[in-house]
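As structure tokens, the structure follows; a few thoughts come after it.
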4 protein chains.
Amino acid sequence: MRIGVLTSGGDCPGLNAVIRSIVHRAVADHGDEVVGFHDGWRGLLEADYRKLDLDAVGGILALGGTILGSSRVRPEHLRDGVERARGHVADLGLDAIIPIGGEGTLKAARLLSDAGLPIVGVPKTIDNDIASTDVTFGFDTAVGVATEALDRLKTTAESHQRVLIVEVMGRHTGWIALHSGMAAGAHAIVVPERPFDIGELAELVGRRFQAGKRFAIVVVAEGAKPREGSMEFDIGGKDVYGHERFAGVARQLSLELEERLGKEARPVILGHVQRGGTPTAYDRVLATRFGWHAVEAAHRGDFGMMTALRGTQIVLTSLAEAVEHLKTVPMERYAEAECVL
Amino acid sequence: MRIGVLTSGGDCPGLNAVIRSIVHRAVADHGDEVVGFHDGWRGLLEADYRKLDLDAVGGILALGGTILGSSRVRPEHLRDGVERARGHVADLGLDAIIPIGGEGTLKAARLLSDAGLPIVGVPKTIDNDIASTDVTFGFDTAVGVATEALDRLKTTAESHQRVLIVEVMGRHTGWIALHSGMAAGAHAIVVPERPFDIGELAELVGRRFQAGKRFAIVVVAEGAKPREGSMEFDIGGKDVYGHERFAGVARQLSLELEERLGKEARPVILGHVQRGGTPTAYDRVLATRFGWHAVEAAHRGDFGMMTALRGTQIVLTSLAEAVEHLKTVPMERYAEAECVL
Amino acid sequence: MRIGVLTSGGDCPGLNAVIRSIVHRAVADHGDEVVGFHDGWRGLLEADYRKLDLDAVGGILALGGTILGSSRVRPEHLRDGVERARGHVADLGLDAIIPIGGEGTLKAARLLSDAGLPIVGVPKTIDNDIASTDVTFGFDTAVGVATEALDRLKTTAESHQRVLIVEVMGRHTGWIALHSGMAAGAHAIVVPERPFDIGELAELVGRRFQAGKRFAIVVVAEGAKPREGSMEFDIGGKDVYGHERFAGVARQLSLELEERLGKEARPVILGHVQRGGTPTAYDRVLATRFGWHAVEAAHRGDFGMMTALRGTQIVLTSLAEAVEHLKTVPMERYAEAECVL
Amino acid sequence: MRIGVLTSGGDCPGLNAVIRSIVHRAVADHGDEVVGFHDGWRGLLEADYRKLDLDAVGGILALGGTILGSSRVRPEHLRDGVERARGHVADLGLDAIIPIGGEGTLKAARLLSDAGLPIVGVPKTIDNDIASTDVTFGFDTAVGVATEALDRLKTTAESHQRVLIVEVMGRHTGWIALHSGMAAGAHAIVVPERPFDIGELAELVGRRFQAGKRFAIVVVAEGAKPREGSMEFDIGGKDVYGHERFAGVARQLSLELEERLGKEARPVILGHVQRGGTPTAYDRVLATRFGWHAVEAAHRGDFGMMTALRGTQIVLTSLAEAVEHLKTVPMERYAEAECVL
């Protein structure tokens with residue numbers, strides 16, 4: 001069998017572990033050939049690739065990033081390229097293509113699959129917001145990095161007697177905020193799923209100070225927004241030079257809370273640190289299993305599908321279903337956090 | 001409501017997170033009272049306890065160990081103490097008891113539950129071998145510690161051109177060996193579930209050297225044993241002074257492999273390091289959820305039950321079912337590891 | 001002997017290790033009594049303190065923050081309080097006072113020492129800019145945290161084909177930027193000691209892209225500034241609400257570099273994460289030694305002095321000398337970084 | 001200029017950082033050529049080498065192990081090979097050779113230097129026992145790994161109410177034991193420099209239990225030995241199969257302490273984990289500086305020398321002096337540990 005692999009979208013710890021696992025399973029166990037396309041879909045559209053043998057994946061299991069490179073391709077661009085992709089697949093004699101990527105990538109994968117190409121997707125997102133899998137690799141690492149930062153920030157907040165507003169990743173969903181906030185014992189957790197009322201938040205934090213505590217940690221997902229009318233909010237946009245000029249939710253929250261509480265409040269924006277570097281053991285195991293099962297699916301001819309975790313099992317789920325809707329934090333999960341808004 | 005809590009059995013990262021979560025949910029949200037028994041069942045049998053308010057659990061979320069202490073009590077001892085326990089429960093006006101512990105503790109919990117005491121169990125084991133839950137807290141930390149050690153050992157094995165035989169925890173099951181071995185890319189993984197053939201193992205490792213590699217890492221669970229007749233094996237025992245004199249599986253394997261392969265082989269025994277210290281974010285979240293749901297179960301009167309993870313949900317499962325059999329590594333999971341024996 | 005201890009200024013990993021060491025040495029070995037003043041100089045001025053026995057410092061060695069609390073006191077305030085401090089010292093029967101703090105604290109310490117109070121200072125700053133000691137505790141932890149972040153950011157920068165401008169702490173000196181930049185292999189390091197020329201910096205980074213590399217990491221100390229006339233630069237200030245509105249050097253650099261290089265550039269501001277949490281082993285040992293030697297100095301009557309590291313030895317140096325000038329990065333050290341501007 | 005590099009002896013975090021630094025400084029800044037010999041002196045004796053350009057050292061800064069391989073060569077073997085080495089050096093047109101290694105390597109380096117070869121040594125040992133430098137790279141990482149393990153073991157020792165005897169590296173000197181023991185707050189530290197009296201040790205640990213504590217941590221260097229007559233001690237040796245059969249000092253101590261104290265005592269042997277894997281930021285900076293200065297020394301013609309850290313400066317010291325005697329822990333340093341034997 002001949003298998004093509006590509007990684008697409010933003011960085012995510014575990015990408016290399018999937019690539020390695022695919023090559024190990026396919027080459028060592030099945031005697032397949034594997035080629036890796038460079039920079040995601042671009043590589044497929046331009047037939048830019050290299051052969052991946054066992055040596056090519058030596059020592060990459062714990063490495064962040066992706067040895068194949070990545071890129072973001074606009075959907076239109078890909079739509080126009082379906083025939084070109086089909087041609088390259090035929091020329092290269094590929095029996096299966098395994099794209100590893102997030103929501104956008106999986107939508108593109110579905111497009112190609114609907115056009116008849118033999119696709120097995122592997123879901124990837126640090127945000128954990130893909131509906132048909134319990135968890136995606138990269139999420140555990142992101143939560144771990146955020147939690148370690150929160151652990152450190154707690155002692156500083158306490159020494160300085162401040163409120164720290166810590167912004168973590170999550171444009172549409174609050175999974176990282178919820179898990180890192182629970183893991184680190186944050187005093188309030190603000191998620192996009194539930195627009196916050198600034199008054200309520202100030203009261204929650206204020207109660208802590210009234211109870212004699214001298215600091216507070218608020219974890220907020222970058223995509224969190226106030227309830228309408230709750231506070232003036234800069235929803236972002238480009239300035240005249242075309243630069244993003246969104247103040248960021250943490251910065252705006254810290255100004256508001258400082259005024260309402262009369263306590264020093266400071267924003268901390270964790271940013272890209274959450275999405276790179278060595279994956280945790282959990283993510284390496286999940287990524288390795290996804291790769292292994294993707295190869296098995298290809299050998300069984302289970303195309304148009306995506307690997308997914310259900311409980312302790314890796315299953316296949318249809319690409320169509322996978323991208324139908326985002327997996328948001330259910331309010332009953334949010335309630336478990338004890339320190340909800 | 002008045003709730004008693006105790007921790008029993010070996011150390012496990014996340015115990016304090018459960019205690020904290022129980023107190024937070026019970027005291028802050030329900031207005032309950034919580035008492036903590038000292039040193040596990042001993043505290044219950046001797047009515048040795050202290051009140052746990054919110055301050056008592058401040059700052060313990062990320063702390064290893066257990067603020068309540070732990071101990072191992074012989075089953076007979078507990079059986080004889082049922083009436084005493086019942087008396088203390090009545091005297092203290094307890095409406096629920098939440099024991100946090102492993103297999104032995106849960107068996108004891110069932111005994112007391114069968115005797116009519118209001119019990120909600122919380123499962124705990126770094127070994128991950130309790131059947132009715134997908135995962136137990138402590139396991140992720142243990143795997144993480146073992147994986148980090150394996151990552152380090154790889155470069156040393158390579159520099160010294162050696163075979164390293166790394167013994168990880170797991171007397172009856174190979175979960176830690178499987179997950180850490182997969183996460184670190186071990187070249188062979190030996191688990192108790194499948195007695196190993198020393199010849200097969202030597203061949204597997206030998207093939208690596210024949211392929212030009214200069215080192216190998218073998219991960220072995222402490223409870224792994226050779227297939228009958230495969231090799232002479234010291235199954236352990238006490239010496240004349242009553243000291244354990246089992247050479248350990250890693251040590252015996254390293255001697256055998258050195259002779260068979262003609263390569264330097266060395267044992268590394270990770271030991272207690274795997275079961276202590278700060279829990280990972282994953283374990284803190286799981287432990288916190290277990291605590292929260294145990295309190296909810298108590299308030300609903302769901303006694304004789306135990307918290308469990310199923311997929312992404314916390315559910316209740318009967319104590320009876322929980323301790324019926326160990327959760328061993330299924331052979332199809334083992335096969336995914338690519339480097340199985 | 002009766003010894004008073006206080007911690008003053010910003011958070012710094014290792015403060016608790018010093019406190020613990022002082023108590024261990026004084027109480028356990030010399031049979032002294034130790035009291036800890038709350039919230040730095042404020043505690044001394046208001047005679048707000050508590051007794052510190054061995055139990056009071058149990059389990060704090062690896063804990064971030066300070067169990068005594070901290071605060072910043074204005075110099076004038078302290079100057080006016082000298083007589084009050086002297087009175088409290090007499091009332092409490094203190095034979096020595098050990099303030100642990102940074103430049104401001106040591107200046108205050110000198111003031112009190114000049115006024116005749118028996119002071120032994122312990123220097124503290126994550127910035128490593130106190131002249132008379134080779135290193136201060138807290139610095140190694142800050143560098144470690146920044147380096148770990150840089151390690152992670154590298155794979156993301158590479159996957160996203162970006163320039164990342166990472167701002168680390170250091171208002172007046174570039175020690176953290178220099179060490180973390182060297183440790184992580186940054187492609188340019190910008191320090192306050194040498195105002196940067198934006199054209200030169202763009203050229204340095206640009207050469208990397210011309211050589212076929214696809215990403216670059218620039219580490220910049222928060223206090224770095226452009227050479228006069230090199231670029232427009234927002235030097236900060238308060239907005240009409242009194243909020244700090246300095247865009248920050250990393251943000252300004254990323255806009256400039258993006259335009260000059262035609263490559264995506266993004267700022268990452270590590271912030272407070274660098275100054276809190278568990279100290280590294282190095283910092284714990286240094287902090288412990290400082291505490292031990294401060295007690296010895298007090299017993300010898302060596303007042304008006306400060307503990308300092310010289311090579312592998314802890315020595316005493318006069319408080320007067322300690323605060324004379326900042327220890328900046330010498331240009332020959334900067335040159336060793338290979339990727340200097 | 002043409003420079004040869006080799007790494008020799010046991011694994012040590014930072015080896016790759018030195019290699020990278022040498023190549024960066026020599027190739028990028030001086031326009032030199034660098035070749036790397038494979039497997040230490042063997043590569044030099046057999047002219048087995050490869051060219052090292054900038055790409056060859058890409059991404060290795062944080063990598064454990066050595067990309068050049070290492071080996072141990074017997075002194076006689078090297079003595080016999082001096083003329084062969086001289087021939088290869090001439091054939092390859094090498095102007096300088098930079099061996100990176102420990103005591104044995106530096107002795108060999110001196111031999112070749114005395115024979116007229118142009119040598120600049122770089123000292124390497126996790127044990128920190130080379131006399132003419134304040135610190136060697138690798139040591140900080142080893143201490144960090146041991147300290148993290150000790151942090152974890154403390155909670156387990158406490159939960160299980162045990163004495164844990166933790167054996168760390170250090171055959172001849174107690175630096176790792178001293179620093180990790182101080183950093184983790186061990187209750188006794190046993191070093192080779194001061195033969196221990198088992199009665200004294202038991203009393204020290206026993207006092208802790210009498211004071212109401214429920215656990216103790218003893219850190220012991222692998223090379224520690226009892227004072228003569230203090231206890232029966234297995235000094236090791238080979239069994240009939242030629243296998244090392246030394247019980248190890250931690251194991252023997254734990255049996256003795258268990259009997260004398262009537263408390264459970266268990267040995268933990270950290271082993272190889274201490275000497276591999278990613279170096280700390282501290283070690284990466286030190287290793288990078290050593291490499292940089294070794295190239296500078298070569299360009300100045302300062303042969304027969306070795307790089308060394310003195311305070312905050314890198315200096316050169318003669319190879320002759322470097323290997324004269326081991327740097328042992330001075331008793332006044334040992335006394336600072338507070339919990340000395």
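Order of the sequence lines sets the chain letters (A, B, ...), proteins ahead of strands, with each chain counted from 1. Since the structure is predicted, the reported quantities are computational estimates derived from the model, not experimental observations.
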Query raised in the report: Which one of C/Pro279, C/Ser21, C/Ala337, C/Ala184 has the most heavy-atom pairs closer than 4.5 Å to chain D?
Result: C/Ala184

Report summary line: Pair count under 4.5 Å, heavy atoms only, with chain D: among C/Ser180, C/Gly311, C/Ala287, C/Ala183, highest is C/Ala183

Query raised in the report: Under a 4.5 Å heavy-atom cutoff, which of D/Asp151, D/Ile314, D/Thr288, D/Thr278 has the most pairs with chain C?
Result: D/Asp151

Query raised in the report: Given that the side chain runs from C-beta out, which part of D/Thr312 has a heavy atom under 4.5 Å from chain C: side chain, backbone, both or neither?
Result: both

Query raised in the report: Any idea which of C/Thr147, C/Asp134, C/Val135 has the most non-hydrogen atom pairs under 4.5 angstrom with chain D?
Result: C/Asp134

Query raised in the report: When only pairs under 4.5 Å are counted, which of D/Arg289, D/His179, D/Met182 shares the most heavy-atom pairs with chain C?
Result: D/Arg289

Query - Verdict with supporting geometry, D/Lys154 and D/Glu158, salt bridge (Lys or Arg N to Asp or Glu O under 4.0 Å) - result: CA-CA 6 Å; D/Lys154 268 188 148 173; D/Glu158 190 165 14; over 6 Å; no

Query raised in the report: Is it true that C/Glu296 and C/Arg25 make a salt bridge, defined as a side-chain N closer than 4.0 Å to a carboxylate O?
Result: yes

Report task. Look at D/Arg310, D/Glu332, D/Gln313, D/His293 and state which one has the largest set of heavy-atom pairs under 4.5 Å with chain C. Result -> D/His293

Query raised in the report: Are the side chains of C/Thr125 and C/Cys12 in touch, meaning some heavy atoms are under 4.5 Å apart?
Result: no

Requested in this report: Please answer whether the main-chain N or O of C/Gly138 pairs with a side-chain N or O of C/Asp283 as donor and acceptor at a distance below 3.5 Å.
Outcome: yes

Report summary line: The reported gap from NZ in D/Lys327 to CD1 in D/Ile130 (rounded to nearest 0.5 angstrom) is 8.5 Å

Query raised in the report: Of the options D/Leu178, D/Thr173, D/Leu326, which is the one that meets D/Glu193 in a side-chain contact (heavy atoms from CB on, under 4.5 Å)?
Result: D/Thr173

